[in-house]
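Working notes, structure below.
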Amino acid sequence: MAKITLENLAHSYLPNPKSDDDYALKELNHDWVDGEAYALLGSSGCGKSTLLNIISGLLHPSQGRILFNDRDVTMEPTTQRNIAQVFQFPVVYDTMTVHDNLAFPLRNRGADPAYIKERVQQIAAMIGMEATLGHKARGLTADAKQKISLGRGMVREDVNALLFDEPLTVIDPHMKWELRTQLKSLHHEFGHTMIYVTHDQTEALTFADKVVVMYDGRVVQMGTPQELFETPAHTFVGYFIGSPGMNVLSAEVTGNTALIGGTEIALGKGYGSPKGKVELGVRPEFTALVAGNEGLPVTIKRVEDVGRHKIVRADFQGTEINILAEEGANISPDMNRVVFDTAGVNVYSDSWRVPPQGA
Ligand code: ADP
Ligand code: MG
């Protein structure tokens, strides 16, 4: 097991990158703590696989270093890094049985046959394939093949890290939940450093202790689910995580007051005078619809009942504001203002969060 350090790391697939735009991975300094379970979350094309493949050694970075427990492995091939990686699409040996597919990484390392037998049984139980151990992989469903891939990734106990690149994409939803639970218990049992790539926030938030959010080739925030919820470091994090995501409104901010489309809002904390494009971020959970003349004037567009609560879609001068209301809340026509709970308001300058003064 290892701590993994990325030092001034960057990658471009182009031979002569010039601007930032030419980099699939922008310069990055980051530590992955030994034994933690991380989710790497971001939309398609933001650089997740690029980063994972650099850690495993499938890809050599155009710049920077990778250290395992402070040892430079940048030039080492995958085999020497002692890493297990599971890909989005199954990689199985069709002519081998399920058993032999699972045993492969252990045999490769010359493990004891008795141990192999026992360990393969354990893994087969985890992925629910004990009954098919004797079958050839050829002819199995994509689902089953992906489970074999996953199992092969988990079979070795002595790896430095386990990397999963959207491994459950082709798996049906119920099995997904079950396999994710298995991965979590594997983590508790062995304490491997794990990086689990996904574009699905639910998957990320339920799997990991720490979620690393990527956007456009950058890591924009690393934090606990609570940190990502309460203090999104970048408007993208606020928008991408949460359902619906954070409301983002253009504002002028001076000290502890914001001016939004002509209405003054008290912020509760001081922010000086942030420069650039200034915005206020407020999650729907921290808004309320009221009657009266306090708050932002809005028009209700529609109310969605999603079971545990209601989502009110309102319009404020052409910008949609989502408000969360309790399931039993009575939404009356005279409720034409939205107010914010200042505890849940964040200020952004050029998309990055401005910490309040004294914080
Ligand atoms: P993700 O895994 O988050 O979907 P990737 O790391 O696969 O993102 O891709 C990041 C960016 O790099 C994308 O713009 C993608 O088109 C580009 N890219 C990925 N692989 C290659 C490649 N082999 N050659 C050129 N460009 C690539
Ligand atoms: Mg990918």
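Starting from 1, each residue takes its place in the sequence as its number. Read the numbers this way: they start at 1 and go in the same order the structure lists the ligands and their atoms.
Separation of atoms NZ (Lys176) and CG (Leu168) is listed at 6.5 Å; rounding is to 0.5 Å.
Nearest to atom 7 (O) of ligand 1 among the protein's heavy atoms is Ser49 CB, 3.8 Å. In this structure, atom 8 (O) of ligand 1 lies nearest to the protein heavy atom Gly47 N, 3.2 Å. Closest protein heavy atom to atom 13 (C) of ligand 1: Gly45 O, 3.7 Å. Scanning the protein for heavy atoms near atom 19 (C) of ligand 1, the closest one is Tyr13 CE1, 3.4 Å.
Residue Thr50 holds the heavy atom nearest to atom 6 (O) of ligand 1 of all those in Ile54, Thr50, Leu14. Of the candidates Lys48, His199, Gln88, Glu166, the one placing a heavy atom closest to atom 3 (O) of ligand 1 is Lys48.
Between the side chains of Thr257 and Glu264, no donor-acceptor pair of N or O atoms lies under 3.5 Å. There is a side-chain donor-acceptor pair under 3.5 Å between Asp334 and Ser332. Checked by atom type, the side-chain pair Asp72/Thr74 shows a donor-acceptor distance below 3.5 Å.
Using cut-offs of 30° and 60° for the angle between ring planes, the His30 and Tyr38 rings count as perpendicular. The aromatic rings of Trp352 and His234 lie perpendicular to each other, with more than 60° between the two planes, well past the 30° mark. Note on ring orientation: taking the six-membered ring where Trp is involved, the planes of Tyr13 and His11 are perpendicular (angle over 60°, cut-offs 30° and 60°).
Listed by chain and number, the protein N, O or S atoms at a distance under 2.8 Å from the Mg ion (ligand 2) are Ser49 OG.
Under the 4.0 angstrom criterion, atom 15 (C) of ligand 1 counts as lacking any protein heavy-atom contact. By the definition of a contact as any protein heavy atom under 4.0 Å away, atom 26 (N) of ligand 1 is in contact.
Judged by distance alone, the side chain of Asp100 and the main-chain N or O of Met96 form no donor-acceptor pair under 3.5 Å.
In this structure, Ser44 is part of the shell of residues with a heavy atom less than 4.0 angstrom from ligand 1.
Separation of the Phe286 and Phe340 ring centroids does not fall under the 6.0 Å cut-off.
Remark: Glu36 engages Lys210 in a salt bridge, criterion side-chain N to carboxylate O under 4.0 Å.
Looking at ligand 1, you won't find any N or O of Ala24 less than 3.5 Å from one of its N or O atoms.
Applying the 6.0 Å contact sphere to CD of Glu327 captures more than 12 heavy atoms from other residues, nucleotides or ligands.
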